[in-house]
There are 2 protein chains.
Amino acid sequence: MQPEQKLLRSVSLKVTPQRTAILHLLRESREHPGVDKVHRMILQKYPSVSLATIYKTLELFKEKGLIQEVAASARQVGYDGNPEFHPHLVCKSCKEILDMPEGDFPQEYAREASEKYGYQVKSQQLFLYGLCAECQEH
Amino acid sequence: MQPEQKLLRSVSLKVTPQRTAILHLLRESREHPGVDKVHRMILQKYPSVSLATIYKTLELFKEKGLIQEVAASARQVGYDGNPEFHPHLVCKSCKEILDMPEGDFPQEYAREASEKYGYQVKSQQLFLYGLCAECQEH
DNA sequence: ATGGGTGCAAAACATTTGCAAAAGT
DNA sequence: ACTTTTGCAAATGTTTTGCACCCAT
């Protein structure tokens, strides 16, 4: 059985081809596509999937913790099939979002948030904005 | 002369009451209001300012580096009158975004991005999501 | 005087909703 | 059989645009 099907079951969601495909897509790809791009990619295999389903599915996956939403900016929101928190590199030119899986998140900020502000920190996001190697040359 | 007027001049923008008020608002407040909230706040002093002006002005200020856009999530985008990069605490319950000005940004990630991925890092954002002290009690 | 800025209304775009039919358990 | 999910179309919400008038320099 595909790992996506196991994952869907594990959060008590019904297994449908659409869901399996969307989850598979996000878990495989190094990209963090937005709603529209996910739709276009899914359309290649399932030509009748509607945009509304993509919206509903991504929201659901996010709630269930299967994926994470990556808001690099107001106009660039992507979805990451890896729900673990890891830094993201965002190229301002080509807009690609790259994972930087190495290195744990710094815990000192979470500790400071807790000690100084009484915050109960649940998750973190670190974005590094700049130019990727490719785009520096052009 | 108000510091906002100096700032506007320093980036060669004409000084208008609308711009002065918007910039002042963002620099004073601890909040990081979104487009709509900025509009409502400005409306109290200048009842005829249009939403379109708010959009145009915020975009312009961002380009000029007078403010920074803070995208805590796809549905929560705010504007911060302090363009320096500092960690942000985001309460998932009350949606408030709090600055955490203390502590420099970790440079190790930027260095790693540069060394391993050839990135030229221009800026960073760190978000800590959780519950603020207030919201933990309710 | 003139170039840039503003407000309005319309256009474009993005997201959400309700519902009937289809599919999963 | 029962419930959930899907796709459609409409509704809603958000952001952008073009343009005439106004204002800061």
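These values consider heavy atoms only, across backbone and side chains, with no hydrogens, waters or symmetry-generated copies. Labels below follow one simple rule: chain letters A, B, ... track the order of the sequence lines, proteins then strands, and each chain is numbered from 1.
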Report yes or no: does A:N82 contribute a side-chain atom to a donor-acceptor pair with the main-chain N or O of A:E84 at less than 3.5 Å?
-> yes
Classify every nucleotide of nucleotides 8-19 of chain D by which part a protein heavy atom approaches to under 4.0 Å, writing B for the base, S for the sugar-phosphate alone and - for neither, in 5'-to-3' order.
-> B-----SBBBB-
Side-chain donor or acceptor of A:Y55 paired with backbone N/O of A:S50 under 3.5 Å | no
Expressed in angstrom and rounded to an integer, what is the separation of A:Y46 atom OH from D:dT5 atom P?
-> 17 Å
Can you tell me the distance, in whole Å, between the CZ atom of B:R9 and the P atom of C:dG4?
-> 17 Å
Distances under 3.5 Å between nitrogen or oxygen atoms of protein and nucleotides 20-23 of chain C:
none

Calculate the interatomic distance between B:H39 atom NE2 and C:dC8 atom P; express it in whole Å.
-> 9 Å
Just by distance, do the side chain of B:H32 and the backbone of B:Q68 share a donor-acceptor pair under 3.5 Å?
-> no
Are any of the side-chain heavy atoms of A:V11 and A:F61 separated by less than 4.5 Å?
-> no
Would a distance-only check, ignoring hydrogens and angles, find a side-chain to backbone donor-acceptor pair under 3.5 Å from B:Q125 to B:F85?
-> no
Do you know which of A:V70, A:I67, A:L26, A:I97 makes side chain to side chain contact (heavy atoms under 4.5 Å, CB included) with A:D80?
-> A:V70
Does OP1 or OP2 of D:dC23 have a side-chain N or O of B:Q18 closer than 4.0 Å?
-> no
Within residues 19-27 of chain B, those residues having any heavy atom closer than 4.0 Å to DNA chain C are B:R19
Rounded off to whole Å, could you give me the CG-to-P distance for the A:L58 and C:dT16 pair?
-> 11 Å
Can you label the angle between the A:F105 ring and the B:Y109 ring as parallel, tilted or perpendicular, going by 30° and 60°?
-> tilted
Without swapping roles, check the side chain of A:E96 against the backbone of A:C132 for a donor-acceptor pair under 3.5 Å.
-> no
Say whether, by atom type as modelled, one donor and one acceptor occur between the side chain of B:Q120 and the main chain of A:Q136 under 3.5 angstrom.
-> no
Working for side-chain contact (heavy atoms from CB on, under 4.5 Å), residues A:L23 and A:R27 | CA-CA 6 Å; A:L23 190 52; A:R27 285 167 52 85; 3.8 Å; yes
